[in-house]
Protein chains: 4
Amino acid sequence: MIRAGIVGGTGYTGVELLRILVLHPAVELAAVTSRADAGMRVDKLYPSLRGLCDAVFTQPDIDNLLGCDVVFFATPNGTAMQMASDLLAHGIKVIDLSADFRIKDVAEWEKWYGMTHASPDLIGEAVYGLPEVNRVAIQQASLIACPGCYPTAVQLGFLPLLEAGVIDAGQLIADVKSGVSGAGRKAEISSLMSETGESFKAYAVAGHRHLPEIKQGLQQAASHKVGLTFVPHLTPMIRGIHATLYARLNTDVDLQSLFEQRYQFEAFVDVLPTGAHVDTRNVRGSNRCQIAVHQPQGGDTVVILSVIDNLVKGASGQAVQNMNLMFGFPEQQGLETVALYP
Amino acid sequence: MIRAGIVGGTGYTGVELLRILVLHPAVELAAVTSRADAGMRVDKLYPSLRGLCDAVFTQPDIDNLLGCDVVFFATPNGTAMQMASDLLAHGIKVIDLSADFRIKDVAEWEKWYGMTHASPDLIGEAVYGLPEVNRVAIQQASLIACPGCYPTAVQLGFLPLLEAGVIDAGQLIADVKSGVSGAGRKAEISSLMSETGESFKAYAVAGHRHLPEIKQGLQQAASHKVGLTFVPHLTPMIRGIHATLYARLNTDVDLQSLFEQRYQFEAFVDVLPTGAHVDTRNVRGSNRCQIAVHQPQGGDTVVILSVIDNLVKGASGQAVQNMNLMFGFPEQQGLETVALYP
Amino acid sequence: MIRAGIVGGTGYTGVELLRILVLHPAVELAAVTSRADAGMRVDKLYPSLRGLCDAVFTQPDIDNLLGCDVVFFATPNGTAMQMASDLLAHGIKVIDLSADFRIKDVAEWEKWYGMTHASPDLIGEAVYGLPEVNRVAIQQASLIACPGCYPTAVQLGFLPLLEAGVIDAGQLIADVKSGVSGAGRKAEISSLMSETGESFKAYAVAGHRHLPEIKQGLQQAASHKVGLTFVPHLTPMIRGIHATLYARLNTDVDLQSLFEQRYQFEAFVDVLPTGAHVDTRNVRGSNRCQIAVHQPQGGDTVVILSVIDNLVKGASGQAVQNMNLMFGFPEQQGLETVALYP
Amino acid sequence: MIRAGIVGGTGYTGVELLRILVLHPAVELAAVTSRADAGMRVDKLYPSLRGLCDAVFTQPDIDNLLGCDVVFFATPNGTAMQMASDLLAHGIKVIDLSADFRIKDVAEWEKWYGMTHASPDLIGEAVYGLPEVNRVAIQQASLIACPGCYPTAVQLGFLPLLEAGVIDAGQLIADVKSGVSGAGRKAEISSLMSETGESFKAYAVAGHRHLPEIKQGLQQAASHKVGLTFVPHLTPMIRGIHATLYARLNTDVDLQSLFEQRYQFEAFVDVLPTGAHVDTRNVRGSNRCQIAVHQPQGGDTVVILSVIDNLVKGASGQAVQNMNLMFGFPEQQGLETVALYP
């Protein structure tokens with residue numbers, strides 16, 4: 001039984017961590033912080049947790065977290081990098097769901113995130129928490145940088161192709177669609193139901209913060225530079241990411257078999273049979289990534305469809321998967337939930 | 001470990017039973033039938049179940065069900081009444097999610113459901129599966145008539161008031177709103193996204209089939225006739241029922257305390273604190289009913305708000321709760337899921 | 001050709017006024033103000049208006065409005081009461097879509113709206129802009145208090161019954177469901193897609209600001225006090241209000257005929273045939289109220305269903321209907337739009 | 001004043017034609033047919049049309065259409081090709097919203113649509129009704145093949161690039177997202193709210209019927225063969241298509257200027273300013289196509305965003321635009337509606 005703390009418990013990734021952790025058999029919830037709601041019972045803000053969580057939000061001070069074995073940061077970018085070294089110095093493992101430790105190139109991070117990094121020295125130590133790539137390193141890590149939601153869906157879709165070297169890595173296209181919970185629980189006009197319901201749009205076509213993160217991961221898989229056009233879209237639903245990925249094949253290969261073999265031992269990546277299509281509802285609320293592989297009209301363009309729940313495999317579920325690995329728990333523990341269909 | 005069968009596994013209550021039962025520690029899935037899809041793997045139709053269910057749909061014949069300890073009917077009205085006596089004769093318990101055994105008055109049932117009842121002799125034996133009213137009888141029953149979704153939400157809201165005799169039972173109003181999954185997985189124009197999305201309507205104001213079922217339950221609680229106006233509505237969401245109930249108080253009473261005491265030992269009925277409002281999202285995917293009690297402007301009209309997930313506490317979850325009681329399992333086993341928010 | 005100004009052009013009622021007025025054959029748009037967006041082109045914020053509106057948002061100063069014949073206030077409560085007397089003094093007619101002039105009892109208004117009224121002297125002069133009740137007064141008015149969205153739907157449903165004196169006015173119930181655009185274009189967590197999508201809830205059961213407005217109107221129709229329980233709900237769609245109204249009949253009456261006669265000359269109130277149900281989609285984007293009349297099981301409870309688009313007949317459309325009356329234009333001019341179905 | 005008939009008046013493109021035509025100043029509705037609903041008043045099925053349309057559905061017989069000047073086919077594929085020649089022989093112009101006359105290569109059409117063409121001789125005579133390409137031919141045509149919804153959005157987005165020869169036409173990608181009304185008003189499980197709400201998926205990746213139509217149009221613009229990967233998606237909303245188009249530039253060109261010049265005289269194609277993004281809500285209910293042009297990170301991949309309302313510019317609005325051209329009416333007549341936002 002380990003003791004877990006959550007910094008930033010009122011956002012969507014925070015409450016999703018709570019949904020998972022209150023039923024995790026090996027975890028005791030030791031602290032949930034919220035600057036704005038300190039003093040309030042967690043289940044007053046989130047009545048879905050009544051009877052399952054008697055915690056009270058506390059201030060996000062180090063003192064309130066010292067009793068923890070692991071602390072999750074479900075905070076806006078810029079918070080974890082302020083507090084991580086203190087926690088690590090006390091022997092507390094840190095799992096950061098924000099972007100603070102995802103990019104290895106500090107200058108690149110500072111350019112895209114518009115602030116000075118507070119702990120550049122920790123970046124090298126941080127392990128990028130994509131278990132399907134870094135499982136062993138995660139098991140030994142003290143500081144995890146959880147992947148972003150878009151990067152998870154896109155990387156899991158492109159990895160087998162890049163690792164096998166069967167596509168032209170210079171011209172990748174990732175057309176990705178996200179539910180609105182990806183924008184977080186923030187009071188912004190652009191996330192209102194009246195603004196996002198019954199409508200569909202692309203955004204940030206000129207450049208989205210997840211672009212350098214995705215490229216870094218793809219380049220590591222390809223062992224060389226990649227060219228990527230990444231267009232994120234907002235779709236009128238709450239949860240779910242659907243990545244439609246395009247690449248040109250440079251060789252003849254059994255794509256279906258390539259994907260099935262790459263992920264045959266992965267509990268949370270599921271390659272659908274030939275000809276199938278994925279659907280975000282089939283992973284809603286679950287920690288799964290489902291992938292379908294297509295080669296339309298037998299041409300040389302491969303189309304990969306990859307879906308996740310942005311709040312689970314794209315955030316809090318993956319964070320718990322990382323925690324399980326770090327503490328030697330079964331990787332699926334607490335994450336067996338079946339997707340909620342319909 | 002018991003063996004369970006599901007007749008009608010392709011509808012929404014069928015797949016919801018599957019979602020719950022594949023993770024239930026005391027249940028092994030022995031048979032899932034579907035006339036239309038016999039021969040197909042269940043997880044081909046429902047990819048959310050991949051890796052969790054290797055069953056194949058079979059024909060809905062008695063022979064395919066004889067190895068079961070319990071059989072759930074997730075079928076349209078009129079099927080369970082044809083097959084139940086055979087199963088019971090083989091010592092197999094039957095839990096019917098359809099309306100076949102809900103109404104004690106056969107003539108009344110035949111009037112509302114427009115067919116001749118095939119097993120009128122079994123109606124007396126059937127126990128109405130609302131555990132909060134009939135727990136002991138359910139524990140000893142072989143045949144359960146699971147309550148309808150509207151009746152569950154409305155009865156749980158009115159029961160404390162009627163049992164205590166504090167309202168005028170002659171003028172009850174139940175204004176109830178349902179998500180569209182209540183209409184089932186049937187190819188009907190009226191359930192299309194283009195017909196039900198972004199729109200709200202009442203329907204069946206002249207008389208809905210759940211009216212006699214609700215009245216029967218309320219009358220039993222009140223020990224006398226009740227007068228009820230029941231207006232169902234369709235709301236543009238998939239899951240959830242919100243009942244707004246109105247009654248006139250005939251005495252001065254601490255309503256909050258009345259409700260809290262009535263349900264203090266109920267695991268699946270949660271009375272919110274004074275002043276709170278319920279929200280269907282807080283029970284989405286869970287077997288819970290949440291209730292809030294109001295007395296606007298301190299007048300003599302009481303307003304009860306009661307929410308459930310129509311596919312869980314309003315159907316498949318409640319069916320499993322009944323199964324747990326019938327087989328002596330902990331009542332909450334397999335039903336601990338936290339609601340999916342957001 | 002008259003010149004119209006809009007104060008508060010960036011909210012949903014403001015942009016809805018623009019949608020109507022840019023095509024109104026007798027209106028020229030003279031000014032659109034916005035404190036926050038002054039200097040920006042209107043069609044930059046609202047690309048749906050490109051090619052139809054070359055206006056630029058200006059500061060909401062009197063000077064910018066002096067060239068107008070009529071000024072609409074599509075502002076939060078508390079603004080129109082500051083500026084109306086100045087405009088009126090310049091001979092400019094004022095149509096206020098906010099609540100500032102709706103309640104005749106100043107003390108009552110101040111209690112519900114939590115502020116001191118800045119122009120209590122103007123309240124008597126203001127005409128409540130419900131044309132189906134006050135058409136003649138509106139034609140001669142200089143200052144119109146446009147009804148709220150809930151009050152429009154509820155009053156049009158109850159009026160025929162109260163005017164005819166056929167119901168017990170002491171126990172009215174209005175169970176009303178609104179789309180989320182009713183909450184306005186404000187950066188609030190409670191209006192996010194992730195908070196309001198796929199969920200349904202009641203709110204403000206203890207007392208909503210529209211309660212005194214509705215009671216005032218109903219009492220005028222009934223010529224005596226009424227007792228009303230009003231429960232508003234939020235439904236996961238953008239536009240539309242559906243009022244379900246309950247009352248007890250105190251006499252035998254042909255309800256269908258009563259409603260048809262009451263509204264036979266009204267262009268914007270449409271009584272559906274016996275047995276029909278209304279649906280918000282059938283009035284979406286139009287200035288119509290559709291009403292259906294029911295008497296379930298022939299009992300003494302009458303159920304009235306009344307739908308409007310909250311932004312049109314519940315706000316901006318009704319405002320233009322008032323304008324047409326005030327300036328002697330045909331009442332339907334600019335408001336002939338057919339509802340957008342599906 | 002011309003007399004118009006609609007064959008297939010009960011589907012979504014049929015009722016959308018009605019929404020437009022009942023307010024069109026130069027059109028009188030002469031006949032609306034429906035095999036299933038013959039004898040029923042149109043406004044009983046579609047209460048949004050009450051007071052605006054007193055037509056009764058008739059059988060789809062030639063005799064019922066002989067009084068028309070123009071007949072619209074809003075029918076499933078395979079109907080117009082049976083009836084068109086008879087109508088044309090009577091001097092009646094035909095505007096077909098189905099796919100019957102869109103593909104010039106009969107064999108190709110028969111392969112994709114799975115039936116033998118009933119009027120191959122008429123295919124040559126039919127004019128493809130994309131006014132932005134074929135305006136002059138449309139003005140002189142008797143038989144119009146209205147473009148499909150996907151083809152309209154995709155062609156308007158790619159045309160300027162192909163006509164100017166500035167992209168590599170061998171590797172075009174069209175990632176297109178549609179609202180569910182595109183699937184029509186048919187009783188199919190796959191179009192239910194419970195199946196399509198809150199979920200996102202690609203479909204028909206192996207090959208969609210609109211692929212040959214799109215390629216035919218693009219090839220005509222390019223004056224040579226093109227290579228196209230077309231992936232359609234279903235998005236949880238009712239109306240709207242968003243095409244995200246990818247191509248490689250083969251020269252340095254001012255893209256913004258290229259698009260603005262190509263469409264400078266087009267009333268229904270609106271090129272947004274540099275840097276803007278399109279949003280389907282801004283064209284909902286209107287006949288407009290809005291386009292935004294991007295070149296991410298200044299690379300050689302161009303990204304075009306193109307949105308239409310699939311039922312208006314993607315079907316019925318474009319059909320009326322064609323009618324206006326054929327009869328010498330102003331091209332925008334009856335189509336001035338502003339998009340319904342929010």
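Proteins come first, then strands; the chains are lettered A, B, ... in the order of their sequence lines, and each starts at number 1. Predicted model only: the values in this text are computed from it and were never measured.
B/Glu198 places no side-chain N or O within donor-acceptor distance of the main-chain N or O of A/Gly197, the cut-off being under 3.5 Å. Judged by distance alone, with hydrogens and angles left aside, the side-chain atoms of A/Glu16 form no donor-acceptor pair with the main-chain N or O of B/Leu340 at under 3.5 Å.
By number of non-hydrogen pairs under 4.5 angstrom with chain B, the leading residue of A/Arg50, A/Arg281, A/Arg284 is A/Arg50. Ranking A/Leu18, A/Ile238, A/Leu49, A/Asp270 against chain B, the residue ahead of the rest is A/Asp270, based on heavy-atom pairs under 4.5 Å.
For the pair A/Ser48 and B/Val338, the tightest heavy-atom approach, listed with the atom from each and the gap, is O-CG1, 3.7 Å. The two residues B/Leu23 and A/Thr337 make their nearest non-hydrogen contact at CD1-CA, 4.4 Å.
Contacts between B/Leu272 and chain A at a heavy-atom distance below 4.5 Å involve backbone atoms as well as side-chain atoms. Looking at B/Val278, there are no atoms closer than 4.5 Å to chain A (heavy atoms on both sides), in backbone or side chain. For B/Arg239, the part lying under 4.5 angstrom from a heavy atom of chain A is the side chain only. Contacts between B/Val283 and chain A at a heavy-atom distance below 4.5 Å are absent for every atom of the residue.
Ring geometry for A/Tyr46 against B/Tyr341 counts as tilted: the plane angle lies between 30° and 60°, on a 0 to 90° scale.
Looking only at side-chain heavy atoms (C-beta outward), A/Leu311 and B/Pro342 come within less than 4.5 Å of each other.
Residue A/Arg185 places its CZ atom among more than 12 non-hydrogen atoms of other residues, nucleotides or ligands, all under 6.0 Å distant.
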